[in-house]
Structures are given as C-alpha cells and as structure tokens.
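Chain identifiers are assigned alphabetically (A, B, ...) following the order of the sequence lines, protein sequences preceding nucleic acid strands; residue numbering begins at 1 within each chain.
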Amino acid sequence: MPELPEVEVVRSGLARWVAGRTIADVDVTLARSIRHHVAGPTDFADRLRGRTVESVERRGKFLWLTLDDGEALLAHLGMSGQLLMQPQGELDEKHLHVRIRFTDAGRELRFVDQRTFGGLRIEPLVREPWAGRWVPESVHHIAPDPFEPGFDLTAVAKRLRSRQTGIKRALLDQRLISGIGNIYADEALWLARRHFARPTSAFTRPQVAELVGHATDVMAAALAQGGTSFDSLYVDVNGSSGYFERSLNVYGREALPCRRCGRGIVREPFMNRSSFRCPQCQRTPPNAHW
DNA sequence: AAGAACTCCTGGATGC
DNA sequence: TGCATCCAGGAGTTCT
C-alpha cells in the first residue's frame, strides 16, 4: 500500500530513468487506468507522443512527470499500482495496463496495477504562490506534505483544531495534510499515545505538533530504509516494503503485545478499514468522535 | 458547507 | 476440496 515514502522511492527511481527522455509511443490496454483522463486513450497517447520529460515530482501520494509543453503526466498508484522500468521485449506483467516507449529505444515505462484504483492522466500545471511551485490541476486541492518547503505546521494545527471530527479522520484527510495513510496514521497515534477517535478540538497546538512530528519521523524512517534498498534495475513499489514492516509498532499487530506495556494490540473497524491501537497506552477518550 | 458514507477493484486468506 | 465470504484502503462522488 503505497503511502508517501513508497511513492517517494518510486519518484526518485523514476527521475533517474526518464528525465530528459522523449516519448515515442504509448499503449493503453486498460481504459480504466486512464479514467480520469476524460478525453480518452487516443488523446492520451497523442498528447504524450513527442514530449520530453523534464522532471519527476511528488506531493503526498501523487507523483507526476513534468513535460516540455507545460503539462504533466500525473500518476496515482492507488492500492496496488506500480511504475516499472523494463527492457523492451520483456514479458508483459499480468496486470500491465499502460506502456510508454521512448525514442532512444531504452527501457520502457510500464504502469501495472492489480486492483485498478490507481491511474494516469495528463493535466495542465497550475501555479501555487504560497507553496512556491507548479502542481497539476487536480493536485491543487491536496495539501502540502510534511516534506515540502511550503508545509506550514502552524496553519495545519489551526485548521485541524477547528474541525469537528476525530483525529485519525483528520490525519487521513489529504486536504489538510497529505501523504499519511492508514499505516502511518496508526503508527503516529501509537507514538503519541492517542486514541484515533480523540476529537481534533481537544488537541493543543503542541500536541498537534508532536503528533505530526511522529508521522513525519515514521515516514522519514521508512523512506530511509526503502530508499537505500532501491538498487534494482526497475522501480518497484512492493519490492522493499518487507523490511520496514518489521519495525512497525501497531499496524497489523493484532493480539501481539504492545512494545511499550505488553497489553494485546486490538484491531477495530474504522472508516471501512481497520485501526490498530494499544488499549492501555491509547485509552478511549470520554468524548470520542468516531 | 462541512463531515460522513458510499463506491470502485482483485485475489489471497479464511470459513464451512 | 470447493465454493462463498471477508478483507486490504485512497480518493472521488454522493449523501445528509
């Protein structure tokens, strides 16, 4: 499940492989994978052909290739998406949906996605003065992630505290702060000893800072591990996730002892998914807001 | 209008 | 063993 660190590993790997190269041709074999590109597969291919990739950028879980005509090829990996660099002629992956070949006939870029929540689209870039950068149109409403220069912790704390909801819902809301998914939200809450349903309004500014700091630290640690093991000849989202899994404190550890107090970790349904917490370290608050 | 629920999707794991 | 059900969850859409 690619969250910010996994997407950043893909971004940096991709940058090495595609920056400066010119697109020769595009094959879309599953229209759903470009469903957000409303003009359709033919338009998608036509607009990419002949374009040169200038850079590869990211905000939260979105990543995009800036093109030489001011537009961007935007990608979201969803649950299971992968962007792979493969030699031409290499056997097609079972869930290969989009293939992009370059004029130098070197490795081709492949979008592979089993569960098809992810997708590609072409969009104009829009200027964000406050963030000091250009982002694709549909990334405009996504808040800066904690690693962006434009990230404003004071503003995040202010907005978060004024909300009428629970803390985990807020952490997962990409319009407030981006990059955090279910795994890192649970990890940050465990580190801060907070219940996921604690009302946002109950947080003081220093408490928000502490929690966001933990989320940032966990993502940075994941990135450091994923990044160092990214040495293979292709970009693989799932390839390096196993090692970091072993250092998670709560996520996926149902019934295993809490690493702080020994109590069994519990799994609870939340927002059509699961939340993991320690029932001792992360007590249910009296004014819980599910 | 903010906040919550619903929806999309596949295949590995689990249950009977 | 085989069939059915559960489960993973990011984000756009729809609802209240």
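- Using a 4.5 Å cut-off between side-chain heavy atoms of Ile, Leu, Val, Met, Phe, Trp and Tyr, A/W64 falls into a hydrophobic cluster with A/F62, A/L74, A/L125, A/V126, A/W134, A/V135, A/V139, A/I142.
- Residue pairs meeting the side chain to side chain donor-acceptor pair (under 3.5 Å) criterion with at least one partner in residues 210-219 of chain A, sequence neighbours excluded, are A/E210-A/H214.
- A cation-pi arrangement is present between A/R21 and A/F102 under the rule of less than 6.0 angstrom and at most 45 degrees off the ring axis.
- Under a 3.5 Å cut-off, the side chain of A/D113 and the backbone N or O of A/G118 do form a donor-acceptor pair.
- Where A/T165 and A/Q114 meet DNA chain B, the nucleotide closest to each residue was compared, and A/T165 sits on the side nearer the 5' end.
- Think of the region where chain A sits on DNA chain B: with heavy atoms and a 4.0 Å cut, that region ends 5' and 3' at B/dG3 to B/dG11.
- Residue order along DNA chain B, read from the 5' end via each residue's closest nucleotide, puts A/G166 first among A/K94 and A/G166.
- Note: CE (A/M271) to C1' (C/dG10) measures 10 Å, nearest angstrom.
- Between the axis at the start and the axis at the end of the helix from B/dA2-C/dT16 to B/dC16-C/dG2 there is an angle of 60°, using five pairs per end and rounding to 10 degrees.
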Using a 4.0 Å cut-off on protein heavy atoms (strictly under), produce a 5'-to-3' string for nucleotides 11-16 of chain C with B for base contact, S for backbone-only sugar-phosphate contact, and - for none. BS----
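- Partners of A/F147 by ring-ring contact (aromatic ring centres under 6.0 Å, His included), not counting sequence neighbours: none found.
- A/N272 comes within 4.0 angstrom of a base, heavy atoms only.
- Within 4.0 Å (heavy atoms only), A/R35 reaches no atom of the nucleic acid at all.
- By the side chain to side chain contact (heavy atoms under 4.5 Å, CB included) test, A/S275 is found to be paired with A/K168, A/D186, A/F196, A/F270, residues two or more places apart in sequence or in another chain being considered.
- Applying the side-chain hydrogen bond (donor to acceptor under 3.5 Å, both in side chains) rule to A/R263 yields the partners A/Q280; only residues at least two apart in sequence or on another chain are considered.
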Acceptor/donor pairs from residues 283-290 of chain A side chains to any protein atom, 3.5 angstrom cut, sequence neighbours excluded:
residue, atom, partner, partner atom, Å
A/T284, OG1, A/H195, NE2, 3.4
A/T284, OG1, A/R277, NH2, 3.4
A/H289, NE2, A/Q164, O, 3.3

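- Applying the ring-ring contact (aromatic ring centres under 6.0 Å, His included) criterion to A/F111, with sequence neighbours excluded, gives no partner residue.
- If you take CD1 of A/I183 and C1' of C/dG10, they are 12 Å apart, rounded to a whole angstrom.
- Residues passing the ring-ring contact (aromatic ring centres under 6.0 Å, His included) test with A/H140 are A/W130, sequence neighbours excluded.
- In terms of the side-chain hydrogen bond (donor to acceptor under 3.5 Å, both in side chains) criterion, A/R169 has no residue partners (sequence neighbours excluded).
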